[in-house]
There are 2 protein chains.
Amino acid sequence: MKEDPHDLIIQVSAQLFGRFGYKKTTMDDIAQALRMGKSSLYYYFKSKEEVFQAVVEMEASQLKAAVLVAINKESDPQEKLRQYVMVRMQKFKETVNLYEAVRSDYLMHLPFIEKVRVKYDLEEVSIIQGILKDGQQKAVFRIDDIQLGAVAIAIAMKGLEIPLLINDLENNLQLRLDKLLEILFHGIVKPPKGLE
Amino acid sequence: MKEDPHDLIIQVSAQLFGRFGYKKTTMDDIAQALRMGKSSLYYYFKSKEEVFQAVVEMEASQLKAAVLVAINKESDPQEKLRQYVMVRMQKFKETVNLYEAVRSDYLMHLPFIEKVRVKYDLEEVSIIQGILKDGQQKAVFRIDDIQLGAVAIAIAMKGLEIPLLINDLENNLQLRLDKLLEILFHGIVKPPKGLE
DNA sequence: TTTTCGACCAAAAAACCAAAATAGTCAAAT
DNA sequence: ATTTGACTATTTTGGTTTTTTGGTCGAAAA
């Protein structure tokens, strides 16, 4: 079974974009890597932007898939959420193009990237919502507004992306995540009566 | 009492940097605005970078001061923390140069800005630590590792900076902050016995 | 019909270069 | 101790040419 040209282009482009970045990768580069004429690319994609968008969307859906697999392995909502955060942070760094798209000043302001980012953010919130809802049904989470709660958690997660590029904190990361999760689960206010 | 030239330069520079940005503001512009020769500037500062650094540090310390005033108005640790988050997010946007320094791709990677940012982050963590410690002594907060807890909260706060530039959410901001704080205070896990 | 590609174009980018602007120096003046 | 004008080395800018690149099209192949 031959590979669908469409997908093949996306795969090869992903590698090139990943290595050289969006600007430095030309349509000719991609065509040459595929040993086809540049014009042929335009039979499958109508612009360079569209190719990049496809690459980013592919990576985003892979990230999403990995995350879904991880949380479905767990049944305890608390553990689901922990796995979600862990896997999502872990994989995020590895998806180079998505990373660049969200990060690079140059790309970030392009309207088509903006679209992808919003979509990707919404999916993230939706996944968290799912976990929260599940936890609520199983009566382990107490949270009144699930929508807002999910957004709040997503926001906190964004904060973790910042120091990610400043200094790699492979080691600290685990520790900080655990701390963040503990606060997320139990809060910092002492329970009223003699508990715990 | 005359104004200290050093401080005067910082004040005027802050306005110019704020209006035109770091790159577009020349030392001549600053000198002219002060009606002094450009060379005189170099009597007080040894480079343009140093002037900008002084401006950013001034703004950072003003932000810190405003935040300290706000939290000292409150005595309840929980309210302290709430005021801290509110004021810090509110004022942050208004300190244009600090904002640009942390944000702009061009400036962010300059080593001297990096330094300022780290220092500023550390101070932020230290303030949060203070609030947490106070809350612990007053037995209203329960948190084992104050250092890590403060870092976790600071990280979550960084997440709030991101959507700040994407779309102004003056209105949503208040709502999201409250939600984030509620989770921060009480967590999302249902307490074991029939409480609350 | 569907897919590929060479030839082509307009627009963008890179290379180049001279002129202007700018950060920074210094010796002399105040 | 402070200020400044004159000076310089380095960037930045503006304008021009050349090259690259994204994208089109019609013809050829499959």
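Reminder, nothing fancy here: chain letters follow the sequence lines and each chain counts from 1. The figures that follow rest on heavy atoms only: side chains count, while hydrogens, waters and symmetry mates do not.
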**Complete:** Readout for nucleotides 20-26 of chain D: B = base within 4.0 Å of protein heavy atom, S = sugar-phosphate only, - = neither; 5' to 3' it is -SBBBB-
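- Phe45(A) comes within 4.0 angstrom of no nucleic acid atom, judged by non-hydrogen atoms across all strands.
- Spacing between atom CZ of Arg35(A) and atom C1' of dG6(C) amounts to 20 Å, rounded to whole angstrom units.
- With sequence neighbours excluded, no residue forms a ring-ring contact (aromatic ring centres under 6.0 Å, His included) with Tyr44(B).
- Atom-to-atom, CG of Leu34(A) to P of dT4(C) comes out at 11 Å; the value is rounded to the nearest Å.
- As rounded to whole Å, 10 Å separates atom P of dT3(C) from atom CG of Asp4(A).
- Arg19(B) forms no cation-pi arrangement with Phe17(B), by the criterion of a distance under 6.0 Å to the ring centre and an angle within 45° of the ring axis.
- Pairs of residues two or more places apart, or lying in two chains, that qualify as salt bridge (charged side-chain N to carboxylate O under 4.0 Å, His left out) and include a residue from residues 60-77 of chain A are Lys64(A)-Glu123(A).
- The CD1 atom of Ile9(A) sits 11 Å away from the P atom of dT3(C) (whole-angstrom rounding).
- In this structure, Phe52(B) atom CZ and dG24(C) atom C1' are separated by 19 Å, rounded to whole Å.
- Both cation-pi conditions hold for Lys48(B) and Tyr22(B): the charged atom is under 6.0 angstrom from the six-membered ring centre and inside a 45 degree cone around its axis.
- When every heavy atom of Ala14(B) is checked against every heavy atom of Met58(B), the shortest pair comes out as CB-CE, 4.1 Å.
- Ionic pairing of Lys24(A) and Asp29(A) is not present here: no N-O contact between side-chain nitrogen and carboxylate oxygen is shorter than 4.0 angstrom.
- Rounded to 10 degrees, the angle separating the terminal axes of the helix from dT1(C)-dA30(D) to dT30(C)-dA1(D) is 40°, with each axis obtained from five end pairs.
- Taking atom CG on Leu41(B) and atom P on dG24(C), their separation rounds to 11 Å, with Å as the unit.
- OP1 and OP2 of dC5(C) both lie 4.0 Å or more from every side-chain N or O belonging to Tyr43(A).
- No hydrogens or angles considered: a donor-acceptor pair under 3.5 Å links the side chains of Glu124(B) and Tyr84(B).
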Side chains of residues 49-57 of chain B: which donor-acceptor pairs under 3.5 Å do they make with residues two or more places apart or in other chains?
residue: Glu50(B); atom: OE1; partner: Lys46(B); partner atom: N; Å: 3.0
residue: Glu50(B); atom: OE2; partner: Lys46(B); partner atom: NZ; Å: 3.3

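- A search for side chain to side chain donor-acceptor pair (under 3.5 Å) contacts involving Gln129(B) returns Gln147(B), not counting sequence neighbours.
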